[in-house]
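Read the structure below first, then the notes.
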Amino acid sequence: MLRTLLAAVAGILLATGAVAAPAIGKPAPDFKALDAVTGKPVALADLKGKTVVLEWTNPECPFVKKFYSAGKMQQLQADAVKDGVVWVSVNSSAKGKEGYLADAAAAKAAIATAGAKQSHYLLDAEGTIGHAYGAKTTPHMFVIDKEGTLVYMGAIDDIESADAADIAKANNYVTAALTALKEGKPVKTPSTKSYGCFVKYH
Amino acid sequence: MRNLLRAALLCLTLAAPVAEAAEALPPSPIAKTELVLDAAQITADGVVWAGVRFTLPEHWHIYWQNPGDSGIPTTFSWQLPEGLSADAIIWPTPERIETSGIINYGYSNSVTLPVPLTAARDGISGTVSVTAKWLVCKETCIPESATLSAAVPGSTPGAAAILAEAIDAAPRVVTDANAAYWVKGEEVFFGITGPTLMPSGAAPVTGVRFFPQQDGIATNNDPQTFKVNADATALTVAMKRGTAELPESWTGVLVLEREGKPQAFQVTAAHQAVVQPAADAPPAPQATTTLLAALGLAFLGGLLLNIMPCVLPILALKALALAKKAEASRAAAARQGVAYTAGVVASFLLIAGGMLALKASGAAIGWGFQLQHSGFVAVLLVVMLLVSANLLGLFELPVLFGTRASTLDENKLAGSFFTGVLAVLVATPCTAPFMATAIGATLTFPAPQALAVFAALGAGMAAPFLLISLLPGARRLLPKPGKWMLRFKQFLALPMLTTAAWLVWVLVQLSSTSTAQVDAHHVPYSATELARLRDAGTPVLVDATAAWCLTCKVNERVALKPEAMQQFFREKQVTLMVADWTASDPAITEYLAGFGRNGVPLYVYYPPHAAPVVLPQILTPALVREAIDPPQGYPRS
């Protein structure tokens with residue numbers, strides 16, 4: 001009797017404590033997953049004290065290819081990591097869908113082919129992290145400051161196209177956010193509509 | 001042989017993942033395009049139509065001007081002879097395309113996107129060329145483009161019919177609609193009226209779909225619900241609030257389904273913001289209630305709380321406990337009384353302290369703020385269920401009362417203290433007369449004085465039981481213990497369970513989507529709307545209420561909702577403005593403060609072109625009628 005009641009309590013409290021959608025200025029949703037390459041756990045809670053960038057990726061998506069084929073995403077990653085930023089690439093393609101990477105070997109191959117320079121690559125085939133962040137497109141970018149607060153979410157830059165030639169002409173929102181954080185200034189454009197292919201959830 | 005087999009197996013396993021890879025794509029370009037041009041005659045200031053017709057393989061789609069959660073809008077870039085200029089695409093009504101929770105707006109199978117070309121003069125000739133860029137997706141997304149041209153003057157075969165059909169598929173631009181959109185809590189509402197959208201005598205609307213041109217104001221993947229007012233002159237679509245900032249006006253395509261047939265309209269809604277109250281704001285709080293007066297009113301209010309349905313069962317239980325141990329020493333009984341009083345007063349101070357602290361840090365809340373949060377309501381619900389279970393004898397409550405085997409009617413000190421806490425918890429939905437003024441007064445008191453008022457409220461509430469426990473004579477008046485006690489306890493479970501059921505409803509209200517009714521006679525509270533109605537000389541009755549406020553609900557049931565009263569309001573052309581404070585709403589908190597109030601209910605009647613009249617806390621139909629339509633010779637108070 002008591003157990004049923006307690007279960008009901010738990011149920012009620014869980015239902016009312018609905019998952020909070022990510023919001024600028026609020027703590028970014030926590031996540032915990034295994035790094036596809038090293039197999040070690042990566043949790044946002046453990047990254048406090050460091051700036052974190054989340055990049056939703058899908059190697060087959062033309063908009064992701066736009067940045068990788070031009071070497072631009074790798075450049076962004078390398079520059080950020082050099083500055084002490086933790087760059088986490090997340091692949092939320094479900095099994096059987098475009099861009100799905102089955103295991104560590106597939107992930108390593110994808111990273112090697114692209115020459116990517118992220119700190120961690122997370123395989124999120126269940127879509128848990130994707131849904132927690134409301135990631136809709138690839139790429140979809142999130143920047144989290146040292147205290148764990150979400151300071152940017154949205155598009156990678158301000159020209160929505162699949163044309164690599166537009167990268168140089170566009171203003172990169174991630175670079176702007178990282179620079180603002182470094183200089184201790186508020187991020188000027190904290191939220192934009194992301195563009196790209198839809199994330200291949202199951 | 002074995003090696004051959006092994007090699008064969010190896011080949012198969014290597015080949016398998018490749019075979020699993022994406023199915024073969026249709027030949028490129030996936031979207032077949034052709035330029036459609038109806039420009040046999042080009043005259044000055046005339047419009048000729050051009051367009052691009054897309055033909056797509058099954059399940060592939062291209063995107064609308066707002067692609068939705070992902071995707072890229074289809075774009076045209078024109079190269080035209082001098083004197084000819086192209087306008088924006090006249091977008092046919094899009095489809096809603098869902099893929100694993102991601103919502104897009106676009107077109108499948110085939111679509112023609114028409115564009116009007118305007119000529120500045122006669123005799124234009126040359127080549128019309130368009131570079132179309134689009135993203136075509138099924139599972140995979142492929143960005144494509146095509147450059148198409150044709151000579152002008154001239155027409156492509158069948159152009160007139162194709163373009164006519166495309167223009168017909170575009171939503172009708174509505175100019176006579178009075179459309180507004182507003183945000184309330186986690187929802188955003190898009191409301192429309194007007195003879196084009198809601199013609200009188202039309203079949204009822206059976207389905208609605210809103211396609212926003214500006215994305216992000218509402219989410220795309222949450223359900224859209226709609227409500228139509230009683231006389232079918234206004235319709236409101238409710239959606240979940242997104243993350244984009246609110247623009248001054250919001251345009252979108254509204255598809256209304258009537259008798260199975262959809263009709264699409266393009267509507268632009270102005271943002272209806274909640275701004276500071278108008279110049280002739282309600283009068284500021286009266287010459288502040290003195291501290292002594294507030295203390296007195298609070299004590300009285302607390303006393304009256306005991307007969308409110310929320311608190312009465314608890315009080316009855318404690319009295320029962322005393323009756324059971326009637327032979328116990330006077331000192332012991334007195335200790336129980338003091339412990340209970342301590343519990344009550346401490347709880348009031350705790351909640352009041354919390355409220356004051358939150359207000360000091362800027363939150364626009366008032367008394368009852370704890371019930372605006374589903375977490376607290378959930379906890380209260382669980383407490384009610386546990387108490388009911390205890391009353392029904394289902395189990396003991398060591399957890400709650402920290403003693404070995406205590407029930408509510410046991411006489412342990414800790415038990416009495418926590419009964420006091422419980423009593424305060426369940427008392428919050430009830431508002432007794434005098435309480436409102438006393439609590440309202442705390443708006444202007446410094447913290448220590450405000451807390452003293454709440455302590456007085458607690459003292460008043462605990463007074464009856466304290467009295468019973470202290471006066472020997474009182475205890476002797478209590479009935480002798482007997483079997484009837486068990487029955488009585490079980491009987492008391494009934495109001496507890498009813499309250500629990502009602503709390504479930506409150507929880508649902510707090511977390512569900514509920515649209516505000518938009519029609520001539522019932523409107524949601526808005527300072528600007530109130531000012532507008534008053535300027536127009538319309539009588540308004542403001543009903544500040546909340547789902548968790550029992551007193552409010554009873555008042556509504558008795559004096560506002562009955563058909564006779566509704567009829568009366570219609571006759572007197574009174575607009576009922578509901579200020580729903582179920583979830584925290586700073587605008588309503590401010591409105592309440594304007595009348596020196598800190599909680600609900602509050603009933604204010606605004607006669608045409610006259611000062612507002614505040615109605616009492618407990619309403620009766622007669623009271624309401626008298627306020628709105630005073631009998632001749634009676635002055636309006």
Side-chain angles (χ1 to χ4, degrees), chain A residues 1-2 4-6 8-18 21-24 56 58 60-66 92-100 102 105-106 127 130-131 134-138 140 153-154 159-163 190-202, chain B residues 17 20-23 66-73 75 97-104 133 135 137-145 186 214-216 219-221 240-245 373-379 381-383 385-386 389 394-399 503-504 507 510-511:
Chain A
M1 175 70 203
L2 188 58
T4 335
L5 265 169
L6 285 176
V9 174
I12 293 169
L13 290 178
L14 272 173
T16 56
I24 298 294
W56 256 263
N58 166 358
E60 306 302 316
C61 167
F63 296 89
V64 172
K65 285 194 201 169
K66 164 189 174 187
S92 297
S93 292
K95 182 159 178 198
K97 297 272 170 103
E98 178 196 75
Y100 172 63
H131 284 118
K136 300 265 193 303
T137 63
T138 52
H140 198 150
M153 61 181 180
I159 298 185
E160 54 172 15
S161 80
D163 192 352
S191 173
T192 60
K193 181 169 179 203
S194 69
Y195 70 86
C197 314
F198 54 95
V199 176
K200 310 294 187 248
Y201 294 114
H202 63 67
Chain B
E20 256 175 33
E23 54 184 78
N66 171 14
D69 290 339
S70 68
I72 305 283
T75 58
I97 301 158
E98 172 166 357
T99 322
S100 308
I102 304 242
I103 308 297
N104 292 119
K133 285 193 181 166
L135 186 70
C137 303
K138 180 178 152 182
E139 255 278 307
T140 292
C141 287
I142 320 266
E144 298 184 328
S145 67
E186 296 281 315
Q214 291 119 294
D215 200 73
T219 61
N220 295 318
N221 59 352
K240 182 143 185 281
R241 176 85 177 93
T243 54
E245 278 186 25
H373 297 283
S374 39
F376 178 83
V377 177
V379 169
L381 169 64
V382 169
V383 168
L385 289 172
L386 289 173
L394 289 174
F395 72 108
E396 312 298 326
L397 290 166
V399 169
L503 281 176
V504 172
L507 257 182
L510 276 175
S511 52

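In what follows, every chain begins at residue 1, and chains take the letters A, B, ... in the order their sequences are listed.
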- Task: State whether the number of non-hydrogen atoms from other residues, nucleotides or ligands found under 6.0 Å of Glu98(B) atom CD is greater than 12.
- Result: yes
- Message: By the definition side chain to side chain donor-acceptor pair (under 3.5 Å), identify the one residue from Asn220(B), Thr99(B), Asn104(B) that meets it with Asp69(B).
- Response: Asn220(B)
- Taken to the nearest 0.5 Å, the spacing of Leu135(B) CG from Tyr195(A) OH works out to 12.0 Å
Is [X] in contact with chain B via its backbone, its side chain, both, or neither, using a 4.5 Å heavy-atom distance?
X	answer
Glu98(A)	both
Phe63(A)	side chain
Lys97(A)	both

- Between Cys61(A) and Cys197(A), is the SG gap short of 2.5 Å? yes
- Query: Can you say whether Ile103(B) sits under 4.5 Å from chain A via the side chain, the backbone, both, or neither, judging by heavy atoms?
  - Reply: neither
- Among Gly216(B), Pro67(B), Gly68(B), which residue forms the greatest number of heavy-atom pairs with chain A at distances under 4.5 Å? Gly68(B)
- Message: Could you tell me if the side chain of Asn58(A) sits less than 4.5 Å from the side chain of Lys200(A), heavy atoms only?
- Response: yes
